[in-house]
Amino acid sequence: MKFMKLGSKPDAFQSGGADVRLVVSDLATDVIVHIGEVRFYLHKFPLLSKSSKLQKLVLKATEKGTDDVHIDDLPGGAKGFEICAKFCYGMVVTLSPHNVVAARCAAEYLGMTEDMDKGNLIFKIEVFINSSILRSWKDSIIVLLSTKALLPWSEELKVVGRCIDAIASKTSVDPANVSWSYSYNKKGVACTEIIESAGKTSVAPKDWWVEDLCELDVDLYKRVMVAIKSKGRMSPDLIGEALKAYAVRWLPDSYDALVADDYMRRNQCLVETIIWLLPSDKSSGCSCRFLLKLLKVAILVGSGDHVKEELMRRISFQLHKASVKDLLLPAASPSEGMHDVRLVHNLVQRFVARTALSHNGDFVEKSDEKMIELNFEQESTLALGELVDGYLSEVAADPDLEFSNFVELATAVPEAARPVHDGLYYAVDAYIKEHPDINKADKKKICGLIDVKKLSTDACVHATQNDRLPLRVVVQVLFFQQLRAGSSSVPAPTDGGEHACAKPVQEQSEHCERRIPRHPNKLDKQVTSLSARGEGEDRHVELRGGRNSFKDQVVGRNSFKDQVVGRNSFKDQLGGLLLQSRSRRIFDKLWSSKGHGENGKGSETSGSSQSPPSTAKPTEVKPSPLPPLRNRRYSVS
């Protein structure tokens, strides 16, 4: 901290009480200057020789026959006037960053210019400010803090503007030229110094200035940050880091303190200022968590729609980086529930629309960079799916959550974002559990959001034991669980067995929604003895073992029948569905294998195909299109 001593005479000012200041001298005082409630007993001659304002006031008082001079609007008050009075007497007075602004404003008011006396107080103070204060980082901040109490004088004298320019210039100084003793602390102010020499043991970080500026009032902070951004030397990430530190410093953590009547307007102004100062690059600078926190505060303090719109636009660029806790935004009205699901739905829609536009946009020509861009979009889409499913699971416990809001948010996510439906399943289950009065139509609709083919094994096990799910969903889960088990038991193809490859589970499950036939027994009897031959060797379709294991799971125990359907006809209905769909796929596989070297008609009527000689080289012939199932005939043993 810099200091400047003026004068050489010893200080002769004494206190005659709480509101009295007098000069100890052999000469009697001849003027009483009233500065507010404080009285100064002084001599006219030293004052009038340096102050044009006091000359006029003393002259008026003399004309009225009094020695009292009243000054009620002196900037700096009694402390500022005492510095000016001591300078007039030639006494020792010490200027510092804490009192220099008050002395400068008081000297300006009293007219202590060079016209009155060469080397007057205004000149001395200006030299101290320009040569010492503005060259020091910490002194510039201290002086800027003191200017608020002296507005508009400090503004008109350009003390505020000069301090802001000095601070903004120093933030772009090479960190190697910063003396890194320490920066900001809770009990004091900044102590970092800017030096010119580069010989130091440690180098300050790039954001060394961030916490020091947090002591500024919001209006001054706004002006400083505008000056920093206007110089164009600061990266958006550092700007965002500075805004985040300032928000943490001044925004209260508790809800009551945030919405208190005494601080509501201040917090609203603070949030709007921070949002206004956000970097112009919407995709960088501030984290998604910080933006969502600002949005939450903006909702609570009642900020305008334009503020929320700006935040939502920025959040939509990086929504996939948020967490479920960040998205728990309070609802604007208690009637809408605890959380603002509609706002989150709006954010998801914006993100999906932006992602779709980026796919249609112009990528760079280099294929590697294009692939990186595509991979990033895919990762962000997958992250969005996990985020939305987790959010739905969290808000499903809200008893006031509207059914339409849940369904709209769940369907706002593209299919590519959900390769696995476990998260969506648990969210739907949580909603049904919390809303037991949901009607059958809504339950069917919300369960229809789940694709049972995309459930993991654990989710399938949970679903089969979940009595809250409709019977249709449980049946589908069991069916595809059996398909998955059957697919895993198919033997691996040999080197020459090009027709031995089993169809993927995804293709095998395409006919899951077919209607259940009432009498499957005849078809069951036929399918269990069905065999197909091809490529010179018999290849038997093993169906009975898989079907029996499935029947054990679905209909093989009375407890399951009692809980699910309560009647014996369920076995017949479910068995018909499974056999029809499985046999149809087996017949399709058989038909494709019989297409080698013969027409479709011969296969239909004979029930067996002519195998080529073992020495003949098989030729690849595309199978003819499959005729309708009802027109095919097979011979079974």
In this structure, CG of Asn466 is separated from OH of Tyr425 (nearest 0.5 Å) by 4.0 Å
dist His345:NE2 -> Ser404:OG (nearest 0.5 Å) comes out at 10.0 Å
key: Non-hydrogen side-chain atoms of Gln482 and Leu478 separated by less than 4.5 Å   = no
task: Would you mind reporting whether Phe290 and Ile274 have side-chain heavy atoms less than 4.5 Å apart?
output: yes
Is the NZ atom of Lys229 crowded by more than 12 outside heavy atoms at less than 6.0 Å? yes
Worked verdict on Leu401 versus His339 for side-chain contact (heavy atoms from CB on, under 4.5 Å): CA-CA 8 Å; Leu401 176 62; His339 308 291; over 6 Å; no
Note, Leu455 side chain near Val420 side chain (heavy atom, < 4.5 Å) = no
Worksheet entry | Tyr246 side chain near Leu270 side chain, heavy-atom distance below 4.5 Å | yes
d(Leu292 CG, Leu347 CG) to nearest 0.5 Å is 7.0 Å
Here the side-chain hydrogen bond (donor to acceptor under 3.5 Å, both in side chains) pairs for residues 291-304, sequence neighbours left out, are none
Output for pair (Ile239 CD1, Thr171 OG1), nearest 0.5 Å, gives 8.0 Å
Minimal heavy-atom distance between Cys214 and Trp250, with the atoms involved, is O-NE1, 2.8 Å
The residue among Leu319, Val413, Val344 that forms side chain to side chain contact (heavy atoms under 4.5 Å, CB included) with Val388 is Val413
So CG of Leu300 and CG of Leu295: to nearest 0.5 Å the spacing works out to 9.5 Å
The complete set of salt bridge (charged side-chain N to carboxylate O under 4.0 Å, His left out) pairs with one or both residues in residues 462-471, sequence neighbours excluded, reads Asp429-Arg468
Across all chains, not counting sequence neighbours, the ring-ring contact (aromatic ring centres under 6.0 Å, His included) partners of Tyr426 are His462
Q: With the side chain counted from C-beta on, respond yes when Tyr263 and Val301 share a heavy-atom pair under 4.5 Å apart, and no when they do not.
A: no
Correct closest heavy-atom pair for Pro414 and Thr381 would be CG-CG2, 4.1 Å
Value for CD1 (Ile432) from SG (Cys447), rounded to nearest 0.5 Å, stands at 3.5 Å
Okay, side chain of Asp340, backbone of Leu329: is any donor-acceptor separation there less than 3.5 Å? no
query = Is a side-chain N or O of Tyr431 found less than 3.5 angstrom from the main chain of Leu392, in a donor-acceptor match?
reply = no
The complete set of side-chain hydrogen bond (donor to acceptor under 3.5 Å, both in side chains) pairs with one or both residues in residues 437-449, sequence neighbours excluded, reads Asn439-Asp442
* Asked: Would you say the side chain of Ile450 lies within less than 4.5 Å of the side chain of Val428, judging by non-hydrogen atoms?
  -> yes
The complete set of side-chain hydrogen bond (donor to acceptor under 3.5 Å, both in side chains) pairs with one or both residues in residues 387-403, sequence neighbours excluded, reads Asp389-Arg418
| message | Using modelled atom types and a 3.5 Å cut-off, is there a donor and acceptor pairing between side-chain atoms of Asp326 and backbone atoms of Arg289? | response | no
* State, without any angle test, whether Arg350 and Asn346 hold a side-chain donor-acceptor pair at a distance under 3.5 Å. => yes
Residue set satisfying side chain to side chain contact (heavy atoms under 4.5 Å, CB included) with Glu415, at least two apart, ordered chain then number -> His421, Lys454
Lys/Arg N to Asp/Glu carboxylate O, Arg249 vs Glu215, below 4.0 Å: yes
Heavy-atom count check: over 12 atoms from other residues, nucleotides or ligands less than 6.0 Å from Arg233 CZ?
no
Could you walk me through whether Phe480 and Cys460 pass the side-chain contact (heavy atoms from CB on, under 4.5 Å) check? CA-CA 9 Å; Phe480 287 105; Cys460 287; over 6 Å; no
Smallest heavy-atom separation, Ile299 atom then Pro330 atom, equals CG2-O, 3.8 Å
- request: Applying side-chain contact (heavy atoms from CB on, under 4.5 Å), run through Val477 and Leu469 and close with a yes or a no.
  value: CA-CA 11 Å; Val477 172; Leu469 297 180; 5.7 Å; no
- Item | Donor-acceptor pair, side chain of Trp209 and main chain of Ala242, under 3.5 angstrom | no
In terms of heavy-atom contacts, Asp422 and Ala459 come closest through OD1-CB, 3.4 Å
Correct closest heavy-atom pair for Pro279 and Cys286 would be CD-SG, 4.0 Å
Test side-chain contact (heavy atoms from CB on, under 4.5 Å) on Leu278 and Leu311 and set out the steps. CA-CA 10 Å; Leu278 290 174; Leu311 283 174; 4.2 Å; yes
Query raised in the report: So, Glu310 and Arg313, do they make that salt bridge, N to O below 4.0 Å?
Result: yes
Practice prompt. Would you mind reporting whether Leu424 and Asp451 have side-chain heavy atoms less than 4.5 Å apart?
Written response: no
Between Leu387 and Ser323 the two heavy atoms that sit nearest each other are CD1-C, 3.6 Å
Report yes if the side chains of Asn405 and Arg342 come closer than 4.5 Å at any heavy-atom pair, otherwise no.
-> yes
